[in-house]
Structures are given as C-alpha cells and as structure tokens.
Amino acid sequence: LRPGPGRPDPCGYNLRFPVNRASMQTQYHPEEIEREAQAHWDRTRAFRATEEPRGGRPKFYCLSMFPYPSGKLHMGHVRNYTIGDVITRFQRMRGCNVLQPMGWDAFGLPAENAAMANGVPPAKWTYDNIAYMKKQLRSLGFAIDWDRELATCKPEYYRWNQWLFLRMLERGLVYKKTGVVNWDPVDQTVLANEQVIDGRGWRTGAPVEKREIPMYYMQITKYAQELLDDLEALPGWPERVKTMQANWIGKSHGVNIGFPYELAGKKELLRVFTTRADTVMGVTFCAVAAEHPLAAHAARSNPPLADFVAECKRGSVIEAELAQLDKKGMPTGLFVAHPITREKIEVWVGNYVLMAYGEGAVMGVPGHDERDFAFAGKYGLPIKPVIDIEGRTYSTDAWQPWYSEYGRCVNSGKYDGLDYQGAVDAIAADLKAKGLGDKQVTWRLRDWGISRQRYWGTPIPIIHCAACGDVPVPDKQLPVVLPEDLVPDGTGNPLNKTPSFLDCECPKCGKKAKRETDTMDTFVDSSWYFIRYACPDQGNSMVDERAKYWMPVDQYIGGIEHAILHLLYSRFWTKVMRDLGLISGIDEPFARLLTQGMVLNEIFYRKGSDGRITYFNPADVDLKLDDKGQRIGAVLREDGEPVELGGMGTMSKSKNNGVDPQEIIEKYGADTARLFMMFASPPEQTLEWSDAGIEGAARFLKRLWAFAHQWHLLVATESKRRAGDYAHYEYPSDLARSHPAAAALRLQVHSVLKQASFDMERTQFNTVASAAMKILNALYNPLGFHALGDTQVVPPATGIPERVLHESFGILLRVLYPITPHICHALWYELGYAGDIITAPWPAMDATALEQDEVELVLQVNGKLRGHMRAPRSAGREQLEQLALAHDAVARHTAGQAVKKVIVVPGRLINVVV
RNA sequence: GCCGGGAUGGCGGAAUUGGUAGACGCAGCGGACUCAAAAUCCGCCGGUGGCGACACCAUGGGGGUUCGAUUCCCCCUCCCGGCACCA
C-alpha cells in the first residue's frame, strides 16, 4: 500500500518509500524505520529552510538554545530539542515556512580544563565533541536545517564579535576601566555580576574574590530603561522570567542629596542616594563604602582606619554571608553639614555600604532603616524618629518592621504632617533650590565587563603600543585569529607565551606592539547567534537582508537558568545592532519564550559510619513495594542490602542519578525517548524520569505498529487497494442511523482532535500524546483486533466503513507525528496515505462529527450529582426541565420539597434547586 | 525579608478556564494464554459504609461568593525557584 507506479501523488511530490518491501514488517523495529526515515529526510533535504517571497507562507523561526559541546548529550538536551522539534513540525503542518537551526556554543572553560587534563588542545577536544553530539542529535530525528550549522569558535563567526566590538568602541558603548571586579580563584578569571551566584562563581562554585583589573565594559546600563520597558511588549514570555529581569535591572526612584563640607579650603559635596528623602530630618550620621574617595582620604592620616578599609576591601568573603555579617564601621573624623538644618553630621566608613550602588555613600537614618538602626545601636549614635505611623508608638529599644513603613512626618520642622509623597516632593524642591540635590532614578544594573583572562575565547581586537596606547585593530585586519594548537597548562593564559600571536605592529605608528590577550566573555558569542543563523554563509558582513526575513525568533526554548544572563544580554545586543542599523524593524529578539523544566530522577544513597554519603545509580537499585504498590524501601541489587530513598533531584554526576540518552535511544529508539519526554509532564514543569514510563511509551508504539500491521493485512487484499478513494471524506447526514458505531467513533476521534489542536497551540504536549493514545484505544475495539492472534486477518465485525477507520487512523498519525515522526512517517506510507507526512496538513476537525441527535445531560439537585439522562439535542429548556423533574434520581431527592429554581446549561447539565 | 510559582489517588499528571474531579499513562490486584515465565490480551483500581441499588467523605487547612468552586476572593500552613546590607 505504498504509492505505486502509475498512481499520481495528490501532493505533487514524486516520493517513494525508500525500501521496496513486499509486505509490512510484522513487528516494530525502531532502529530500522528510524534509519530509513532519517535517510529519506536527508536525501530529500526535507528541512532546509529558504526565504520565500512576499505572499508566500508565513515564516516561523523556532529556536532551541544551542548546546555547549561538553562531550555528549544529556537528558536536558533531549527534552529541550524535542520540545523545539514538536513545535517545528506542528508549525510546518499549519502551513508555515519553518526554520529550525542548530549550532554550537563552542568557546568556554571546560575545553581548557579538559585540555589540561588530557594534554589535548581545546580546539580538538571541542571539534571532536561537536562531531559526536551532532551524530547524537541526528539520531533523534530533529527537523533541523543543518546547512545553517555554526560554531562560535570559528573565525567566520567570532570575527563579527570583534567587528561589532570595534563599532561599539567607536560609539562609546564599549569602554575600558580599571575597577573592582569579581575574581574566580579557580578559573583564574573575572566574572560578570550576573555570573556570581550567592557569592560564588557560577561555574566553579568557588568563593569570589575582589580584584582591581583593567577591563572592557559594554554599556548595557545605557539601555536599562528600554530593557525594562520592553518587557511589557513580551506577552509570550513567562511572567517569572520578566519579573526576574525587572528585579535585576532594579529601577529605583529617589533623591540625590549633597551634604556640604570643606576640604583643604575647597567646598565639596558628599553625595548620597535615597528612596526615603522624607526621612532626611532623621539623619544622625553618614556612612561611606570602604572604596569611597572620602574613606581613602581619611585613611591617609589614620592608620587604624586604613587597616579597617583594607580589611573591608579584601572582601574574600561570600557576599551572601556578608549580608548576615555584623554591621561594622569606624568614624572618619570628617564632618558634613545637614543639607537643611546645617547641623554637623559625622561621616563613618561602614562595611555595609556598597560602592557599586548609588553614590557609594548613604545618609544614616537609624529611626527608619533597619541597617542604620543596627549600626547606630552598635556605636551609640543617636536615633531620631521622624515618621509617625498612626496607632503605633515608637521605641528605640528594638527594631520593629513597621519603623520603615510610610507615614506622616513629625519632628521635621516645616515638613511636619506631610505624607511620603508630599514630603519627598517638598524636600526635593527645597534641596534643588539650594543646589544640594534633586530627584534621581538609580539602577541596580551595572555595565557588562566582558574581558576574560582566558585562552579559549574571542580575542579582543586591541593592540597595545608603547607610543600610541590602546589601538583598535583595523577592520581590514579582522579577524584576529585565535591559534588553535595551544594547550593551557594551568599557569595562566597561554596566549601570553605565544609570540606569534602576541607580537605585532602598531596600526598607527608601525612600531612593534603587543596584542591584547584577554578574550571575550562567552556570553558575547551567544548574544547574537540566532541572528547569524539567518545568513551563516555571509562572508562580507555580520548579517544581511535574510535576517530581516527570519527575525524575530517566533519561539525560543531553553532552560530557566538563562532567565537573566543570556536572555538579557541577547536583548541588549539586539537593540545595539538595531541602533547601528544592522537589523531593522526589530526591538526584541524572542517573541515567545518557553522555559522547559528540569529532568529529575530518583536519588539513592547510603551514609557510611564516617558520615560519608555514597550515591547509587537508580539503575542498580530495586524498589520494594507493599501489596498496594506503595514503596516501602529499596535495596542495592549487587548486595541486597537496603539503601536510603533521597527523593527526586536534578540529574547530576554528584548524585549519580543520570540516565544516558544514548542508551535509551539504542535500546528503545528515538521515538520512544521523544514520546516519553513529551508525555510525562507538560514542557514547563519538571520531568521525573521513570524506567517504567519509558516502557509504557515503548508499549504504546508497539501497539500502534501491531494495529497498523493488522489493518494493513486487512486492507491489502486485492479489491481494497483504493487508498485514493479515501481522499475526500463525505459522510451521509444520517450516518448516526445507518452506522451508529461509525458515528460514535467519529464523535470520539473528532472530540479528541479538537482537544489535541487546542493543546498543540498552547504547547501542552503531554495531553497531545494522551490524545493519540485515546484515538488508538477507540480504534482497537471496532476492529475487534485484540481478540485475534498475532497474524490472523479478520474483517471488521462492526460494520464501520473502512474509510471511517482510514480517516481516524490518518488523524491519529498526524496528531502523533510531531512527537514521534519516524514511526508516523513509516506508517503513513505503509497504509497508503497520499504523499509524505512531512507535507501533510494538521488534520481539520469536522464539526458535524460532533453533532449528536441525543445528548447526555448531567442531573444535579442542589449542585450534587444525582444521575444522567439522555435527551434530544433539539429539546427546549422547558422540555428539559420537565424531563429532569420526572427523572427517578431527581424525583427521589426532591420529593416533598419545593422546587425553587432549575438551571439548564444546554448540552451539559440540569441543576434543580430545592 | 522581598518577588514569582506551586500543593489533586500508591506515582506522573488531566479537567477545553465556574458545570460529571481523577482523562491518559505508570504501579498494583484478579483472570485468559503457557509445562512455566516473559510478552500479549481481558477486567478491577480515591476513601468509608453496604450483598446490592446507593449513600456519605474527598483537589494542603479554614472561611467567603455562587444554583454549582480544583478553578474566583480573604486568611493560614507547607514546598520549589529567583533576588537579597540596593540605601
């Protein structure tokens, strides 16, 4: 039943199932059909995406976050890319011109670490990993346009990092600054603020130190307002991601206040930022950060203070712990004047003041700020309450949370009685009149430091000349190529010891000069790869007009761990590229974002007598169940001794609970792995790995194949080779009477299809998989299949017309196809459906199939379910009321009581209120 | 502490957004086939009471709105994630 010679293919393609078999395989052999399907797609270049002229199909750009080539795929990858592939294939069926590209986030530290361990250059390690992982991805059958593959470690790619860096440098969007940076002592490199998590390096987990290093910054703060505002233009993003970004950007409205003082006869201002200008009359001291110039000045003539400042600066302390630390401080001996009362205010150095936020100095209002309260308490500074909260009495004994609430000003002279906004407005106006302050907006977001003291990254295109200083590499000398044969040995960046890279001529004066050896943060690489996919072969420019066709990404899929870092940087770069005129009409790169949940697995462990914990892989453990199937324990298969149940946790090496996707694919096939991943939970939720669940998915596909095979034998008999006859389904309007079983089947199948279509649109794929299972269950009975032996052929006993079964099975195959494309591809041919399933449209729901002459209604009394009744669809309200009231179950519960009201929900229920 | 998201059978999860709670699957139990096991197929499967028809209870806990609440509102408990000395 495959398209044979002489039979025109209605889709206009001349496709043939690649294997010429006399009959369909009896059993499901995933490895064989998957190999064949993939070879077929390769040969027909089925997933190559090309730009279509105006008026063509709508474009759909479906993108999954590209992987770091760490060695082999893990389950998280499989889940991520399967979700993307389901969306890709579904959008194709909906008639879109879909692009799903793939590439490699190929620069990064693990390559250097592997190089140190094995003595292999990072480049070789990376390229080997790419080759292996690409093979794995291909074996999963993803509808990827491999023609657009890119790797960020290739000069063709990273030259444009360098090129854009230079453009940004010209415009002041990149600048060099020596500043305090986060230093990861293990990786020996600088980390961006975004890469410091709980005071530790995001990769190494080592406590971050502070160092002063010159580095290049990208001015992301210039875009803070737009990055914040445009979050509202992203309805397709999860709320929590937007909230996380908004918090990270951290916009605060406040007042910048200057406290006047004199230094060496010069009038100066100590600037502070506050969101509580209404409490300015309660200031009893000021505090500056250890790095503040005033602290440095005072320390010069005050050795104990100098020691304290040095101690604070050392800061080899975890920031999160720092937050719990005691408030510590020392007076500087300097005094400033209160901007309104002219009172003398002492300036302290405080360990709790951050140099990087606001002005690096605060006004101390112990009456209404918890930190200032603790500080004042410790050093005996006065506490002056200036805000009154109605119905509360202030006491300086202990801090109360309500002390920091908004209220009315008291003890504040002319501001007494004003509320928060009134006081802030009045005080800001007075300060402005004196030139001592004004309203100000402050951001938490800081500029993005991109210099990394590492080898395996994009070289920063700068040349250091003794005469001319830092000179940008001229465009015509790009790319600055990174040598690929170096092997780092753990003693710093090997580029520093490589004269062939290091030595060069100054582009300005021609004298001998040295190249910059710092490389760029790898987040630069991933900030625009999705635009480059539009034109990866473009050698003359960063992007071309094809980017305009494909951008923005319609659906982006990736892990929640990138909610801030990667997604914020990418939004920033897109806006920069827009402002440089490189792309147009795009403010945001990703229209819709889906953050997939983590993949979890059971954790089993034993605690040794020395307190050491040993973890056991779930594959080596047997669960013990009681007779109800509830787990009561687990034993290690090897020794039969019990192990502890540690619950569910993210698959990780440390917990020894990972499952290698390769083993699953080899044992069950890609379709089974894909089906399980999609079926076990909705994409955004965590997914709990289960061997039994995998078995269940495999069982379903076997059943599907067995059913198809049985039916294939049935329809393969001579007179039934009429697949083409099924092309148009027209059913008599009295199908329900002539073939009640057929009408019932169509009702089931089309209701399920309606639900599946809805769930596809809202990316809830677990219920799409369940829909396919429901259709197969509905089909099993009409064929009487289950009662037969393995190979016996029996005609349908129910009298359901074959074309109804054909229609139903065609719907089943297409509903399931995005999730398990290989088996559906094969069965589509085997059962004689026209054309190639990858060009088949998503099935259309037939509304007439849902129409019934009689409907079942739920009967309720006072909202409680009491029975069911069948009634003609045409029955009116009154007729239904009467039927319901006369119904046994209803009568029993309403007997002797007055009926107050009857609620009729057409087609659903009747509720009698007594 | 602040922000966000959750809590439904033995388990993963459904419930088309206020209308039959537990779809679909897993596990379990009983049966068929088999010398036997596996595989496959059939049946049962939230709890309590009852031979049964059926009744009552049940979506973390408590209240409310409604003819009707897993769904909406208020309070509380617990869990997960993010941020956190941000002035």
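Scope of the values below: all heavy atoms of this structure, side chains included, with no hydrogens, waters or symmetry mates. Proteins get letters first, then strands, A, B, ... in listed order; numbering begins at 1 in each.
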| query | Can you check whether R699(A) has a side-chain N or O nearer than 4.0 Å to OP1 or OP2 of C26(B)? | reply | yes
| field | G4(B) to A23(B) separation - C1' atoms, rounded to the nearest Å | value | 30 Å
| request: Return the nearest nucleotide to the side chain of I564(A); candidates are C83(B), C67(B), A87(B). | output: C83(B)
| For C41(B), does OP1 or OP2 lie under 4.0 Å from any side-chain N or O of R703(A)? | yes
| Across the strands shown, which category fits S690(A) at heavy-atom distances under 4.0 angstrom: base, sugar-phosphate, nothing? | nothing
| Should T243(A) be listed as having a side-chain N or O under 4.0 Å from OP1 or OP2 of G82(B)? | no
| task | Sticking with atom C1', work out how far U77(B) lies from G62(B), rounded to a whole angstrom. | result | 11 Å
| request: May I ask you to say what T442(A) touches in the nucleic acid, namely base, sugar-phosphate or nothing, with a heavy-atom cut-off under 4.0 Å? | output: nothing
| Among A14(B), G12(B), C24(B), which nucleotide sits nearest the side chain of N777(A)? | C24(B)
| message | Taking G68(B) as the reference, what is the distance to G18(B) when you measure between their C1' atoms (whole Å, please)? | response | 8 Å
| query | Between W248(A) (CH2) and C86(B) (C1'), how many Å, whole number? | reply | 12 Å
| message | What contact category does K864(A) fall into here, base, sugar-phosphate, or nothing, at under 4.0 angstrom with non-hydrogen atoms? | response | sugar-phosphate
| query | Below 4.0 angstrom from OP1 or OP2 of A87(B), is there any side-chain N or O of N256(A)? | reply | no
| request: Mind checking V353(A) for me? I need base, sugar-phosphate or nothing, with any heavy atom below 4.0 Å counting as a touch. | output: base
| query | Roughly how many Å is it from CZ in R908(A) to C1' in G68(B), rounded to a whole number? | reply | 13 Å
| query | Mind checking who A7(B) pairs with, Watson-Crick or G-U wobble, both distances under 3.5 Å? | reply | U77(B)
| Residue-phosphate contact under 4.0 Å: K774(A) side-chain N/O, C24(B) OP1/OP2 | no
| query | Taking atom types as modelled and ignoring hydrogens, do the side chains of K702(A) and Q27(A) form a donor-acceptor contact shorter than 3.5 angstrom? | reply | no
| said: With rounding to the closest Å, how many angstrom separate the P atoms on G22(B) and U59(B)? | reply: 14 Å
| Atom CD1 of I427(A) and atom OG1 of T274(A): how far apart are they, to the nearest 0.5 Å? | 10.0 Å
| message | Checking contacts here: which listed nucleotide (G13(B), G12(B), G19(B)) is nearest the side-chain heavy atoms of F679(A)? | response | G12(B)
| query | Would a distance-only check, ignoring hydrogens and angles, find a side-chain to backbone donor-acceptor pair under 3.5 Å from T221(A) to A224(A)? | reply | no
| field | Minimum-distance nucleotide to S252(A) side chain [options: C24(B), G19(B), A87(B)] | value | A87(B)
| request: In whole angstrom, give the distance that lies between atom CD of E602(A) and atom C1' of C26(B). | output: 13 Å
| Nucleotide forming a Watson-Crick or wobble pair with C2(B), both distances under 3.5 Å | G82(B)
| Euclidean distance for C1', G47(B) against G31(B) (whole angstrom) | 26 Å
| query | Toward the 5' end of RNA chain B, which comes first, V905(A) or N862(A), by nearest nucleotide? | reply | V905(A)
| request: Starting from the 5' end of RNA chain B, give me the residue, A697(A) or H893(A), whose nearest nucleotide shows up first. | output: A697(A)
| message | Using a heavy-atom cut-off of 4.0 Å across all strands, would you classify V858(A) as base, sugar-phosphate, or nothing? | response | base
| task | Please work out if P682(A) contacts a base, only the sugar-phosphate, or nothing of the nucleic acid, heavy-atom cut-off 4.0 Å. | result | sugar-phosphate
| Interatomic distance, L445(A) atom CG to Q245(A) atom CD [nearest 0.5 angstrom] | 10.0 Å
| message | Could you identify the nucleotide paired to A87(B), looking across every strand shown and requiring Watson-Crick or G-U wobble geometry with both distances under 3.5 Å? | response | none
| Donor-acceptor contact below 3.5 Å, side chain N601(A) vs main chain V659(A) | no
| message | Can you tell me if R866(A) touches the phosphate of C54(B), counting only side-chain N or O atoms and a distance under 4.0 Å to OP1 or OP2? | response | no
| task | Please determine, for the side chain of Y352(A), which listed nucleotide (C85(B), U16(B), A55(B)) has the closest atom? | result | C85(B)
| message | Can you say whether a donor on the side chain of N911(A) sits under 3.5 Å from an acceptor on the base of C67(B), or the other way round? | response | yes
| field | Between C67(B) (P) and R877(A) (CZ): distance, integer Å | value | 15 Å
| request: Check each of N862(A), V902(A), V899(A) against V913(A) using the side chain to side chain contact (heavy atoms under 4.5 Å, CB included) test, and report the only one that passes. | output: N862(A)
| request: For A27(B) and C45(B), measure between their C1' atoms and round to the nearest Å. | output: 11 Å
| Distance between P atoms of A58(B) and C75(B) (Å, rounded) | 24 Å
| Exam field: side chain H368(A) to backbone V386(A), donor-acceptor pair closer than 3.5 Å | yes
| task | Find the partner of A55(B): check Watson-Crick (N1-N3 plus N6-O4 or O6-N4) and G-U wobble (N1-O2, O6-N3) distances, both under 3.5 Å, and reply none if neither fits. | result | U48(B)
| task | Decide whether Y668(A) and E695(A) meet the rule of one side-chain donor and one side-chain acceptor closer than 3.5 Å. | result | yes
| task | Look at atom NZ of K667(A) and say whether more than 12 heavy atoms of other residues, nucleotides or ligands are closer to it than 6.0 Å. | result | no
| query | Is any side-chain nitrogen or oxygen of N766(A) closer than 4.0 Å to OP1 or OP2 of G12(B)? | reply | no
| field | Whole-Å gap separating C1' (G6(B)) and CD (E239(A)) | value | 16 Å
| query | Where does G62(B) fall, syn or anti, if syn means a chi angle no more than 90° from 0? | reply | anti
| For atom CG of L865(A) and atom P of U20(B), their distance in whole Å | 9 Å
| Among C3(B), C26(B), A14(B), the nucleotide that comes nearest once only the side chain of A692(A) is considered | C26(B)
| Euclidean distance for P, G30(B) against A39(B) (whole angstrom) | 16 Å
| query | Is there a donor N/O on one and an acceptor N/O on the other, under 3.5 Å, for the side chain of K327(A) and the base of C85(B)? | reply | yes
| L704(A) CG to G25(B) C1', straight-line distance once rounded to whole Å | 16 Å
| query | Does any nucleotide pair with A27(B) by Watson-Crick or G-U wobble geometry, both distances under 3.5 Å, and what is it? | reply | none
| task | Output yes when at least one side-chain N/O atom of H368(A) is less than 4.0 Å from OP1 or OP2 of A87(B), else no. | result | no
| query | Does OP1 or OP2 of A15(B) have a side-chain N or O of Q764(A) closer than 4.0 Å? | reply | yes
| request: Both distances under 3.5 Å, Watson-Crick or G-U wobble: report the partner of C72(B), or none. | output: G64(B)
| request: Mind checking G358(A) for me? I need base, sugar-phosphate or nothing, with any heavy atom below 4.0 Å counting as a touch. | output: nothing
| task | Calculate the interatomic distance between L880(A) atom CG and G19(B) atom P; express it in whole Å. | result | 19 Å
| Does R444(A) place a side-chain N or O at less than 4.0 Å from the phosphate oxygens OP1/OP2 of A87(B)? | no
| field | Under 4.0 angstrom between Q685(A) side-chain N/O and G13(B) OP1 or OP2 | value | yes
| query | Between E232(A) and K242(A), is the closest basic N to carboxylate O distance under 4.0 Å? | reply | no
| said: Could you check U17(B) for me: syn (within 90° of 0) or anti? | reply: syn
